[in-house]
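What follows is a short report on a single structure.
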Amino acid sequence: MLVLPKGVRHIPGHLDRDEQTSLVEDIRAVVRQAPLYRPEMPRTGKPLSVRMTNCGTLGWVSDKAGYRYQDSHPVSGAPWPPVPNRLKALWADLTGESRPPQACLINYYDVSARMGLHQDRDESDFSAPVLSVSLGDACLFRIGGTERGQPTRSFRLESGDVVILGGESRLAFHGVDRIYPMTSTLLKDGGRINLTLRRVDS
DNA sequence: AAGTACCG
DNA sequence: TAGC
């Protein structure tokens, strides 16, 4: 049986199909205003396999200069669109945070995309949890401890699942090993969307 | 640096 | 795993 690290909550099937469909419509509206782009690795400029955009007052970006939060889209220069209300409600329901999310990173994985093991540590305040929503094709998600080299576990995330990293797992290393193609009909063109909601500042 | 080449 |  799978035992998750302390502070990790996996809620399989938290969102029903109608809620997932509505969320995808919300995200499509965001992406029309703030198109997906391909981020690059710091220093090397090597493109990541995922495409990204954001909504919220701040968005996470990566380019040759480094990782950071900024208030505008790196290609268009426009401010990020607001976080959709149903995502703000989900955040309030599941995190118990009185403060709204400041950043919602939208990652699109095509069937060949992956995400290496990493920590979410570009925020200046780690007191709020990180809330993650999976939509579309399933993936193999991996999570370990707060230091590289600690043991990791992997499990499958399905469309509608929510994962919350809080407490002693707020800084847990995590990543996406693979996407399972054709495992969901939610997205017409396949692939997986992950939404990551965060506080950035206190 | 959220990637990846390489090794056992 | 480990140097980048």
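Fair warning: this is a prediction, and the values are worked out from it, not measured in the lab. Residue numbers start from 1 in every chain, and the chains themselves are labelled A, B, ... in the order their sequence lines are given, proteins ahead of strands.
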Quiz prompt | Aromatic A:Tyr109 / basic A:Arg192 pairing, under 6.0 angstrom, 45° off normal | solution = yes
Exercise. State whether A:Tyr180 and A:Arg156 meet the cation-pi test: NZ (Lys) or CZ (Arg) under 6.0 Å from the six-membered ring centroid, and within 45° of the perpendicular axis.
Key: yes
Self-check item: A:Phe141: ring-ring contact (aromatic ring centres under 6.0 Å, His included) partners, not counting sequence neighbours
Solution: A:Phe155
Quiz prompt | A:Ser132: which of A:Thr196, A:Asn194, A:Asn107 passes side chain to side chain donor-acceptor pair (under 3.5 Å) | solution = A:Asn194
Exercise. Take A:Thr185 and A:Arg17, measure what side-chain contact (heavy atoms from CB on, under 4.5 Å) needs, and give me the verdict at the end.
Key: CA-CA 10 Å; A:Thr185 56; A:Arg17 177 72 182 207; 3.2 Å; yes
Quiz item: Is DNA chain C part of any stem, that is, at least 3 consecutive Watson-Crick or G-U pairs with both distances under 3.5 Å, and where?
Solution: none
Practice problem: Report which part of the nucleic acid A:Gly149 touches: base, sugar-phosphate, or nothing (heavy-atom distance under 4.0 Å, all strands). | Solution: sugar-phosphate
Exercise. Please measure how far the P atom in B:dT4 lies from the corresponding atom in B:dG8, and state the result in whole Å.
Key: 22 Å
Quiz item: Do the charged groups of A:Arg198 and A:Asp122 touch, with an N to O distance under 4.0 Å?
Solution: no
Quiz prompt | B/S/- contact track for nucleotides 1-8 of chain B, protein heavy atom under 4.0 Å | solution = BBSS----
Exercise. Walk me through it: do A:Asp120 and A:His174 pass the test side chain to side chain donor-acceptor pair (under 3.5 Å)?
Key: CA-CA 9 Å; A:Asp120 290 13; A:His174 59 282; 3.2 Å; yes
Quiz item: Mind checking whether A:Val163 and A:Leu165 have side chains closer than 4.5 Å, heavy atoms only?
Solution: yes
